[in-house]
Amino acid sequence: MNRYYFEEAIILKYQKIKDSDLLLTLYGKTKGKYNAIAPGALNIKNRLRGRVEPFCWGKGYFVVRRSLDLLINWETIDNYWEIR
């Protein structure tokens with residue numbers, strides 16, 4: 001079984017956990033609605049900072065974990081500013 005996968009999804013909401021991690025609620029094309037953790041997304045030098053915002057449609061690279069998947073990389077396709 002492969003531990004890594006790509007998913008095209010829209011970020012519905014996020015919640016701050018710990019100091020710099022985010023719990024994301026995503027809606028993907030293949031998995032439907034699911035949760036994932038973006039580790040260190042609130043750190044200043046992290047590559048996810050500013051990319052993982054609500055109503056942001058993009059393509060993510062995830063690692064499968066026991067409870068929640070980890071978001072490793074996020075490429076934004078479109079920002080829906082008018083919805084926000």
Side-chain angles (χ1 to χ4, degrees):
M1 187 171 131
N2 196 359
R3 292 185 50 206
Y4 303 98
Y5 66 94
F6 285 101
E7 175 77 28
E8 193 170 322
I10 187 165
I11 299 172
L12 300 176
K13 66 178 181 176
Y14 68 80
Q15 180 180 1
K16 183 180 174 185
I17 54 174
K18 297 186 183 177
D19 287 336
S20 61
D21 299 344
L22 291 177
L23 176 65
L24 303 173
T25 302
L26 302 134
Y27 186 79
K29 285 187 172 183
T30 57
K31 287 186 75 169
K33 185 179 175 184
Y34 63 100
N35 292 325
I37 294 177
L42 296 177
N43 287 339
I44 293 174
K45 293 184 179 180
N46 196 320
R47 65 181 173 268
L48 293 175
R49 183 173 175 93
R51 293 184 182 182
V52 288
E53 294 290 328
F55 301 110
C56 179
W57 176 39
K59 192 183 299 185
Y61 187 58
F62 296 88
V63 177
V64 176
R65 295 292 174 141
R66 288 184 186 178
S67 58
L68 293 172
D69 298 345
L70 292 178
L71 176 65
I72 300 300
N73 196 3
W74 183 261
E75 178 185 340
T76 303
I77 296 173
D78 194 9
N79 287 324
Y80 295 106
W81 296 105
E82 57 274 358
I83 295 175
R84 244 187 269 173

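FYI, the numbering just counts along the sequence from 1. The basis for the numbers below is simple: all heavy atoms, side chains too, and nothing from hydrogens, waters or symmetry mates.
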Closest approach of [X] to [Y] (non-hydrogen atoms, all atoms of both residues):
| X | Y | value |
| --- | --- | --- |
| G60 | L71 | CA-CD1, 4.1 Å |
| S20 | N43 | CB-OD1, 3.2 Å |
| R47 | I72 | NH2-O, 3.1 Å |
| G28 | Y34 | N-CE2, 4.0 Å |

(message) Count I, L, V, M, F, W, Y as connected when their side-chain heavy atoms are under 4.5 Å apart, and connections chain through other members. Are V63 and Y61 then in the same cluster?
(response) yes
(request) Give the cluster check for L68 versus L24: same hydrophobic cluster or not, with ILVMFWY residues linked at side-chain heavy-atom distances below 4.5 Å. (result) no
(message) To the nearest 0.5 Å, what is the distance between CD on E53 and CG on L48?
(response) 11.5 Å
(request) Would you give the length of the straight line joining atom CZ of F6 to atom CG of N73, rounded to the nearest 0.5 angstrom? (result) 8.0 Å
Checking [X] now: which residues fulfil side chain to side chain contact (heavy atoms under 4.5 Å, CB included) with it, not counting sequence neighbours?
| X | result |
| --- | --- |
| T76 | R51, C56, W74, N79 |
| Y27 | I10, L12, K33 |
| D19 | none |
| I17 | D21, L23, I37 |

(request) Give a yes or no on whether the backbone of L42 and the side-chain of R49 come within a donor-acceptor separation of less than 3.5 Å. (result) yes
(request) Identify, with sequence neighbours excluded, every residue that meets salt bridge (charged side-chain N to carboxylate O under 4.0 Å, His left out) alongside E8. (result) K29
Listed partners of [X] passing side-chain hydrogen bond (donor to acceptor under 3.5 Å, both in side chains), at least two apart:
| X | answer |
| --- | --- |
| Y5 | K31, D69 |
| N35 | T25 |
| T30 | E7 |

